[in-house]
Asks: 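Quick one: the structure is below, and I'll ask about it shortly.
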Number of protein chains: 2
Amino acid sequence: MTASANTIAEVASLIGDPARANILSALMGGKALTAGELAWNAGVSAQTTSGHLAKLSEAGLLAVEKQGRHRYYRLASSEIAQVMEALMNVAATGPKRHRPTGPKDEAMRLARTCYDHMAGRLGIAIADALCAHGRLILSDGSGAVTEEGQKFFCEFGVDLKTGGKRALCRTCLDWSERRPHLAGRLGAALFTRSLDLGWVARIPDSRSLRITPPGRLGFAKTFGLPSDWLEPV
Amino acid sequence: MTASANTIAEVASLIGDPARANILSALMGGKALTAGELAWNAGVSAQTTSGHLAKLSEAGLLAVEKQGRHRYYRLASSEIAQVMEALMNVAATGPKRHRPTGPKDEAMRLARTCYDHMAGRLGIAIADALCAHGRLILSDGSGAVTEEGQKFFCEFGVDLKTGGKRALCRTCLDWSERRPHLAGRLGAALFTRSLDLGWVARIPDSRSLRITPPGRLGFAKTFGLPSDWLEPV
DNA sequence: GGGATGTTTCGGCCGCGGCCGAAGTGTTCC
DNA sequence: GGAACACTTCGGCCGCGGCCGAAACATCCC
């Protein structure tokens, strides 16, 4: 089982069904979700979702973990997330996105998870500040950590060495702000470290993140964010 | 006309048809191809291909240019190429690729185009050498040009400034060698410069590149390739 | 045990979309 | 002009695959 699809068309056509695309998008939040939650996200019945999940797992796009009577699904690899990012990029290039600025929406714009790293104005402000202080060089789409950056990240408590073959530093075009934020292994490490420090916290049933008071202080002080980063660009 | 599809599923499902995936893959060679050539690549009739091409153009994945009684199609943007790269990555992760090492295949492995830059052992050797000489920092998946690199590229005759919003330096996982080579604006610039210098030449009806004798000399001398870069890794 | 709840399997309906043959439009060449 | 060529449009066939209702497992709780 899980015998990986092996042609481009097979993979693309799996993503090409609206229900399955919704499932994968939901999982871009980075958390593992149950089949039921995914059914809700996909907007189809539980039976139908079950079929989709089986196909996606079979093809190696999703990984599944049994836990009691629940089955938790997550994206199988960061490569899959990369495909989704690239697709979002292209999809976003279309006609004007509608911008229904609800209150819940506003929280998403401020700070949210994107697969396994931080996005929204927070993510962008962090990326900008790292560049401004010469800790990171981003030539949009890609990037590298400077010597000074290595020292900085080390002091901040993230380990740049471990993590294997995954790209250390990538950028990801922000859905709401249309500017790049930090992805890749480094983006993921910054996120988990921020969670550990209690600077941000997940808001239940949502991809939004809450920035805690110590977080507000910490981000501003450690990363040197400009005072106006909370404002929309 | 060309009213850009705007959901992930729409884009993915366009790529998800085998014939269309073949068309897009063929265009990853970087050259614009006629409808007839694409029909041959897709393995379906001209009428069927025409329909596919219309859909792809309509969605903004392809750009088309009329020239006499031919219509030349090409990928509409580098974002599309990125999606295809990401998909190839995932598709390649499947069960062992068959490696039918024919003679034509061998030429492809040595040097070929990948959308608009060089791939194969040549592409990899260049990327490796640039890193070894401290002109480039690649933390795989992304990269940045060092100060020394900027001087080097300037002397080599490629302009890093112009080119707009496209990523300067990206890496692309090599299909045959499974190692990263140089993509992005820099990869494209190196390729066109190499063509101009007559170091490489396109082999007709193929994505393969021929490395000319001056090219052999030039690459070795200018980039400082190791003596054994012609051998498979 | 029995009754919720979460998930999958089965069976059948139905529509979308890929495919090709034939015919139509536009272009080039002699 | 007419013939060859490149490409598109039209019409109809056909099958794959998404969808749900019903029912079967599986697990947890009391």
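Proteins get letters first, then strands, A, B, ... in listed order; numbering begins at 1 in each.
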Asks: For A/His52 and D/dG18, is the shortest distance between a side-chain N/O and OP1 or OP2 below 4.0 Å?
Replies: no

Asks: Write down the distance between CG (A/Leu33) and P (C/dG6), rounded to a whole number of angstrom.
Replies: 15 Å

Asks: Can you check whether B/Ser45 has a side-chain N or O nearer than 4.0 Å to OP1 or OP2 of C/dC20?
Replies: yes

Asks: Nearest heavy atom decides the nucleotide; on that basis, is A/Ala46 or B/Ala54 closer to the 5' end of DNA chain D?
Replies: B/Ala54

Asks: Quick one: is A/Arg71 getting a side-chain N or O under 4.0 Å of the D/dT27 phosphate, OP1 or OP2?
Replies: no

Asks: Quick one: A/Trp40 CH2 to C/dG6 P, roughly how many Å, whole number?
Replies: 15 Å

Asks: Below 3.5 Å, does any donor atom in the side chain of A/Arg69 face an acceptor in the base of C/dT7, or the other way round?
Replies: no

Asks: Do the side chains of B/Ile15 and A/Ile8 get nearer than 4.5 Å, heavy atoms only?
Replies: yes

Asks: Please tell me if the side chains of A/Val200 and A/Leu122 come closer than 4.5 Å, counting only heavy atoms from C-beta onward.
Replies: yes

Asks: Is B/Ile211 close to B/Trp199 at the side-chain level, that is, under 4.5 Å between some pair of heavy atoms?
Replies: no

Asks: Counting side-chain heavy atoms from CB outward, which of C/dC19, C/dA22, D/dC19 is closest to A/Thr48?
Replies: D/dC19

Asks: Heavy-atom distance under 4.5 Å between the side chains of B/Met118 and B/Thr113, does that happen here?
Replies: no

Asks: Counting heavy atoms from C-beta on, name the nucleotide in C/dA22, C/dT8, D/dG18 closest to the side chain of A/Arg20.
Replies: D/dG18

Asks: Find the distance A/Tyr72:OH to D/dT27:C1' and express it as a whole number of Å.
Replies: 14 Å

Asks: Atom NZ of A/Lys55 and atom C1' of C/dT8: how far apart are they, to the nearest Å?
Replies: 14 Å

Asks: Report the distance from atom CG of A/Asp17 to atom C1' of D/dC16, rounded to the nearest whole Å.
Replies: 13 Å

Asks: Calculate the interatomic distance between B/His70 atom NE2 and C/dT27 atom C1'; express it in whole Å.
Replies: 10 Å

Asks: Under 4.0 Å: is that the gap between some side-chain N or O of B/Ser50 and OP1 or OP2 of D/dT8?
Replies: yes

Asks: Provide, to the nearest angstrom, the distance between the CD1 atom belonging to B/Ile15 and the P atom belonging to C/dG17.
Replies: 16 Å

Asks: With a 3.5 Å cut-off and no angle check, do the side chains of B/Glu37 and B/Thr34 form a donor-acceptor pair?
Replies: yes

Asks: How many whole angstroms separate atom CG of A/Leu38 from atom P of C/dT7?
Replies: 9 Å

Asks: Does a nitrogen or oxygen in the side chain of B/Lys66 sit under 4.0 Å from OP1 or OP2 of D/dC7?
Replies: no

Asks: Give one of base, sugar-phosphate or nothing for B/Ala35, where a contact means two heavy atoms less than 4.0 Å apart.
Replies: sugar-phosphate

Asks: Taking any heavy-atom pair under 4.0 Å as a contact, classify A/Thr49: base, sugar-phosphate, or nothing.
Replies: nothing

